[in-house]
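Contents: one structure, followed by commentary.
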Amino acid sequence: MLFAISARPPFNFQSVLQSHGWGQCLPFRLDDETGNLGYTLRLSRGRVIDLEISESPDGIQVQTGQLNASEKKEVSSALTWMFALNMDLSPFYEAIRGKAPLVHVEKRAMGRVLRSPTFFEDIIRTILTTNTLWTATIRMTANLVGQFGDPLSSDPERKAFPTPQRLATVSETRLREETRLGYRAPYILNLAQRVSASNLDVEAFKTSNLPTLDLRKELMKIQGVGPYAAANLLMILGRGDFLPIDTWALKMVSQEWHAGQTVTPAQVQAAFEKWGEWKGLVYWFWDWAYLRKAKSD
DNA sequence: GGTAGACCTGGACGC
DNA sequence: GCGTCCAGGTCTACC
């Protein structure tokens with residue numbers, strides 16, 4: 001079946017896909033030819049379905065197998081969250097309007113960050129981005145999905161992201177040695193076990209009314225989530241008060257404002273401080289001169 | 001509160 | 001093919 005879901009305008013499908021690298025990590029699949037996004041989704045009752053998501057005139061449309069009414073509602077709800085279809089970007093655009101390195105942002109309806117259907121999946125994937133190369137993040141995620149995800153009945157090669165319950169039963173040794181998570185294995189296992197045992201409701205973070213500072217403290221109580229990962233997760237939650245400062249950020253700020261001299265995290269923070277609650281989004285979508293030059297060379 | 005070192009993997013490099 | 005070095009955030013112990 002095929003159905004459409006409208007987005008709060010302005011909306012740009014490709015801008016969401018390109019907002020970060022999640023589309024390269026299973027169970028997402030980016031189709032370079034069509035520009036569409038695939039995703040293998042496990043519904044709450046355990047059925048695994050495949051989604052082919054593309055742009056529609058006023059939002060997105062999704063091609064999938066036959067769904068009953070409650071399944072269709074669940075898929076619509078998941079996609080609305082994943083693409084932040086309800087997000088109101090007008091205050092952000094008002095704050096950045098006319099600022100030179102950001103003029104492309106409103107033109108291309110940027111500001112939404114692609115999310116996973118569950119915050120559990122986003123936390124795990126974020127932990128797997130820490131202290132490693134992006135190619136290793138893609139590999140670790142693929143291992144997790146391939147080894148522990150529920151398969152699609154029509155194509156068992158395609159699997160959904162593992163549930164907390166499934167991961168909670170896996171040994172740390174296996175996560176370490178077979179899934180190749182290394183020292184991250186106990187962090188992933190601990191999170192899965194806490195969520196599985198209902199000792200931590202990570203999905204509640206999606207609708208939390210906590211001030212961002214408090215939300216950040218809660219996120220940093222999760223093993224494996226430090227300042228960088230917390231800022232990244234806050235961005236996913238639509239809170240742009242903190243910067244995910246990694247080595248890339250240090251390099252960009254060094255090149256942009258310090259003539260290539262080594263900079264500290266505090267200097268990165270200072271560079272964006274004036275943007276207040278929007279600093280995360282401003283940083284995320286900044287048009288870096290260093291990258292522009294690299295492209296033109 | 002700040003700092004140093006350990007953690008682990010895989011890619012790059014030299015031999 | 002093998003060994004070594006390095007990059008990448010977080011955690012823990014220590015000051």
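Note that the coordinates shown come from a computational prediction; the quantities given were computed from them, not determined experimentally. Chain letters run A, B, ... following the sequence lines, proteins first and then strands; every chain starts at 1. Atom set for the values below is all heavy atoms of this structure, side chains included, hydrogens, waters and symmetry mates excluded.
Note on the helix from B:dG1-C:dC15 to B:dC15-C:dG1: terminal axis deviation equals 30°, with five pairs used at each end and the result rounded to 10°.
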Which protein N or O atoms sit under 3.5 Å from an N or O of nucleotides 4-8 of chain B?
unit_1	atom_1	unit_2	atom_2	d
B:dC8	OP1	A:Arg176	NH1	2.4

Grab the N/O contacts between the protein and nucleotides 10-12 of chain B below 3.5 Å, and write none if there aren't any.
unit_1	atom_1	unit_2	atom_2	d
B:dG10	OP2	A:Arg180	NH2	3.2
B:dG11	OP1	A:Arg139	NH2	2.7

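Near DNA chain C, defined here as any heavy-atom distance below 4.0 Å, the residues from residues 215-229 of chain A are A:Ile222, A:Gln223, A:Gly224, A:Val225, A:Gly226, A:Pro227, A:Tyr228, A:Ala229, listed numerically. Applying a 4.0 Å cut-off to non-hydrogen atoms, the residues of residues 245-272 of chain A that approach DNA chain C are A:Asp246, A:Thr247, listed by residue number.
Remark: A:Thr126 pairs with A:Asn232 by the side chain to side chain donor-acceptor pair (under 3.5 Å) rule, at least two apart or across chains. Checked against side chain to side chain donor-acceptor pair (under 3.5 Å), A:Arg180 has no partners two or more places apart in sequence or in another chain. Every residue meeting the side chain to side chain donor-acceptor pair (under 3.5 Å) condition with A:Gln147, not counting sequence neighbours, appears here in chain and number order: A:Thr179. Applying the side chain to side chain donor-acceptor pair (under 3.5 Å) rule to A:Trp275 yields no partners; only residues at least two apart in sequence or on another chain are considered.
A:Ile188 places its CD1 atom 13 Å from the P atom of C:dT10, with the value rounded to the nearest Å. The interatomic distance linking A:Leu243 (CG) with C:dG9 (P) rounds to 14 Å, in whole Å. For the pair A:Asn232 CG and C:dG8 P, the computed distance is 16 Å after rounding to whole Å.
Here the side chain of A:Gln193 pairs no donor or acceptor atom with the backbone of A:Asn190 at under 3.5 angstrom. Put simply, the side chain of A:Trp284 never gets that close to the backbone of A:Gly240: no donor and acceptor are under 3.5 Å apart. A donor-acceptor pair is defined here as one N or O able to donate and one able to accept, closer than 3.5 Å; such a pair exists between the side chain of A:Lys159 and the backbone of A:Gly146.
In terms of heavy-atom proximity, A:Trp288 sits nearest to A:Glu256 at CE3-OE1, 3.5 Å.
Residues A:Pro227 and A:Arg216 form a side-chain contact, since some pair of their non-hydrogen atoms from C-beta on lies under 4.5 Å apart. For the pair A:Leu41/A:Pro117, a side-chain contact is recorded, criterion being any heavy-atom separation below 4.5 Å from C-beta on. Between A:Tyr187 and A:Thr130, the closest side-chain pair of non-hydrogen atoms is not below 4.5 Å.
Using a 3.5 Å distance cut-off with no hydrogens or angles, the side chains of A:Arg158 and A:Thr40 do not pair a donor with an acceptor.
Sorted by first and then second residue, the salt bridge (Lys or Arg N to Asp or Glu O under 4.0 Å) pairs involving residues 32-41 of chain A (not counting sequence neighbours) form an empty list. Each side-chain hydrogen bond (donor to acceptor under 3.5 Å, both in side chains) pair with one or both residues in residues 148-157 of chain A, not counting sequence neighbours, appears once here: A:Arg42-A:Asp150.
Within the hydrophobic cluster formed by Ile, Leu, Val, Met, Phe, Trp and Tyr side chains joined at under 4.5 Å, directly or through other members, A:Val48 is accompanied by A:Leu152.
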